[in-house]
Chemist: 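Dropping a structure here in structure tokens format, bear with me for questions.
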There are 2 protein chains.
Amino acid sequence: MGDTQTGRPRGRRREADRNDERLMQAAREVFAELGWDAPVSEIARRAGIGMGSLYRRYPSKEMLAQRMRIVGMEQLVTQARTALAEEPDPWAAFARFLRDALSDQGAGGPLLPLVGGRLPATDEIVAAAARLRAALDDLVDGAHRAGVLRADFASADVPLLLEHLTARIPVTDERATALHLRYLDLILAGLRTSTTDGPTALQSPAPDWAELSELWNAPKK
Amino acid sequence: MGDTQTGRPRGRRREADRNDERLMQAAREVFAELGWDAPVSEIARRAGIGMGSLYRRYPSKEMLAQRMRIVGMEQLVTQARTALAEEPDPWAAFARFLRDALSDQGAGGPLLPLVGGRLPATDEIVAAAARLRAALDDLVDGAHRAGVLRADFASADVPLLLEHLTARIPVTDERATALHLRYLDLILAGLRTSTTDGPTALQSPAPDWAELSELWNAPKK
DNA sequence: CGGCACCGGAGAGGTCGATTCCTCTTCTCG
DNA sequence: CGAGAAGAGGAATCGACCTCTCCGGTGCCG
């Protein structure tokens with residue numbers, strides 16, 4: 001059945017779908033590298049499609065970015081769930097997720113685009129954020145319960161950490177990713193509970209998800 | 001004597017000097033928050049001076065930024081030297097320097113501006129970078145020799161770490177600094193040599209100063 | 001083979017920012 | 001005290017650049 005309902009896309013229609021994928025891909029890369037100010041034309045160029053096609057699919061730059069944010073978050077959710085499912089050890093799952101998120105193997109794009117916050121919050125975005133939160137909670141709670149992750153680390157720290165770790169530095173994508181992973185290793189070392197260290201409590205309070213959503217969404221205009 | 005030579009600045013001249021300080025201060029803040037694309041007018045606004053005055057002092061935005069980079073680097077050098085002088089314990093000195101650099105107490109500005117690399121390298125910049133390197137080498141070597149800092153951490157990691165840690169997030173300056181310090185604590189925990197952990201070697205190779213200077217300076221045009 | 005739906009890309013119109021220019025103020029000095 | 005220098009301030013200039021629209025060309029279907 002499945003195929004019968006929508007009909008397997010063929011010809012022109014198939015190209016449109018492929019274009020859409022390339023678009024998301026390109027948008028991820030470009031926004032990650034240049035930030036919100038990246039010219040739309042650059043996205044089109046990298047996707048190998050014309051401006052016309054891009055704007056037919058998404059009515060505005062903002063809509064494009066919104067969609068990309070959702071796709072990005074869903075990708076993180078998938079990576080979190082996969083890590084959880086494939087790694088029996090809670091610490092391994094946690095560490096693997098962070099590494100996957102940074103190297104972003106699935107998408108091929110070198111960086112992940114939590115991107116230009118300060119866009120109006122769509123219902124879809126809110127929903128995606130909720131799913132992301134749930135997934136990260138699972139990951140972090142699991143590690144906490146296993147006693148391998150320092151207790152003063154919250155799940156809301158994860159997106160912020162990723163955002164810090166993906167700081168844009170003007171080197172080749174490959175080297176940038178390598179450096180990101182290097183510093184992730186450092187942070188993982190600091191995150192792991194060690195029975196020897198006592199006085200290493202974090203001094204500033206953890207962020208919570210309310211703070212994150214304020215940070216990600218425009219002040220409800 | 002001393003005063004006789006230049007004459008203690010008075011009146012208009014004195015105001016000009018004060019303006020210059022405010023300018024550097026404002027530039028630090030604004031560039032730190034908005035990045036290289038920050039409008040010059042915003043810097044002037046925050047410094048409380050007019051565009052005319054700004055442009056009489058610095059012939060272009062680029063020159064202004066260059067000077068600011070030098071001032072920023074010198075400030076880091078001072079902080080490093082101070083930490084080294086005032087903290088007998090190598091680890092304490094190292095940690096204190098990083099904390100100082102992030103909270104930037106001396107300047108009053110909330111963030112430090114390693115800023116928009118990719119500007120042509122002035123001789124002055126090269127010299128300042130060399131002094132910075134020397135200071136950081138001292139700090140890192142001291143900790144290494146004391147055996148309190150993991151061996152695979154290089155002095156060239158310091159500027160990169162700072163750059164990562166100061167990732168711009170759109171919250172109040174105070175909260176941003178708090179979060180930066182939070183993640184610094186995490187990294188410090190990971191940086192400290194612990195005799196218990198073996199398998200935590202960093203996977204990506206350390207950066208070196210040659211890489212940094214490429215990253216900071218425009219490809220000699 | 002004709003028509004439709006879609007593609008790519010040049011260009012209109014508008015925003016925004018670096019730099020300049022001109023006016024008004026504050027000192028300095030004879 | 002008045003003229004002139006040295007600045008201060010900020011509006012106006014001159015482009016650069018970007019988003020989004022419009023249009024001629026092309027491949028696929030019947």
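We use all heavy atoms of the structure for the numbers below, so side chains are in, but hydrogens, waters and symmetry mates are not. Each chain gets a letter, A, B and so on, in the order the sequences are listed, and its residues count up from 1. The shown structure was predicted, so the numbers you read here are calculated from the model rather than taken from an experiment.
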Chemist: Checking side-chain polar atoms at under 3.5 Å, does Gln79(A) have a donor or acceptor matched by the opposite partner on Gln75(A)?
Modeler: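 Result is no, nothing qualifies.
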Chemist: Whole angstrom is fine here: how far is it from CZ in Arg45(A) over to C1' in dG8(C)?
Modeler: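 After rounding, the reported distance stands at 14 Å.
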Chemist: For Asp37(A) and for Gly48(B), find the nucleotide of DNA chain D with the closest heavy atom, then tell me which residue's nucleotide is more 5'.
Modeler: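 Its nearest nucleotide lies further toward 5', so the answer is Gly48(B).
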Chemist: Given dG8(C), is OP1 or OP2 found less than 4.0 Å from the side-chain N or O atoms of Ser53(A)?
Modeler: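 Yes.
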Chemist: Below the 4.0 Å mark, does dC6(C) have OP1 or OP2 next to a side-chain nitrogen or oxygen of Arg56(A)?
Modeler: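 Arg56(A) to dC6(C) OP1/OP2: no side-chain N or O under 4.0 Å.
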Chemist: Heavy atoms under 4.0 Å, any strand shown: does Ala38(A) hit a base, just sugar-phosphate, or nothing?
Modeler: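 If one applies the 4.0 Å heavy-atom cut-off, Ala38(A) turns out to touch the sugar-phosphate alone, with no base involved.
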Chemist: Grab the OH-C1' distance between Tyr58(A) and dT21(D) for me, whole Å please.
Modeler: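 Rounded to whole Å, this separation is 20 Å.
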Chemist: Nearest whole Å is fine: how far is dT20(C) C1' from Arg57(B) CZ?
Modeler: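 After rounding, the gap between these two atoms is 19 Å.
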Chemist: Rounding to a whole Å, what distance do you find between Glu62(A):CD and dC18(D):C1'?
Modeler: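 It is 15 Å, rounded to the nearest whole Å.
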Chemist: In whole angstrom, give the distance that lies between atom CE of Met51(A) and atom P of dT21(D).
Modeler: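 Interatomic distance, CE of Met51(A) to P of dT21(D): 10 Å.
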Chemist: Check whether Asp138(B) reaches the backbone of Ala135(B) with its side chain - one donor and one acceptor, N or O, closer than 3.5 Å.
Modeler: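 Answer holds: no.
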Chemist: Calculate the interatomic distance between Leu23(B) atom CG and dA8(D) atom P; express it in whole Å.
Modeler: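 Atom-to-atom, Leu23(B) to dA8(D), this comes out as 10 Å.
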Chemist: How close or far is atom C1' of dG8(C) from atom CD1 of Ile49(A), stated in whole angstroms?
Modeler: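 One finds 9 Å between C1' of dG8(C) and CD1 of Ile49(A), rounded.
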Chemist: May I have the distance from Leu64(A) (atom CG) to dT19(D) (atom C1'), rounded to whole angstrom?
Modeler: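 From Leu64(A) CG to dT19(D) C1': 12 Å.
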Chemist: Any chance the side chains of Gln25(A) and Glu29(A) put a donor and an acceptor closer than 3.5 Å?
Modeler: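 A donor-acceptor contact under 3.5 Å links the two side chains.
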Chemist: Parallel, tilted or perpendicular for Trp209(B) and Trp216(B), by the 30°/60° rule?
Modeler: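 If you compare the ring of Trp209(B) with that of Trp216(B), the planes turn out perpendicular.
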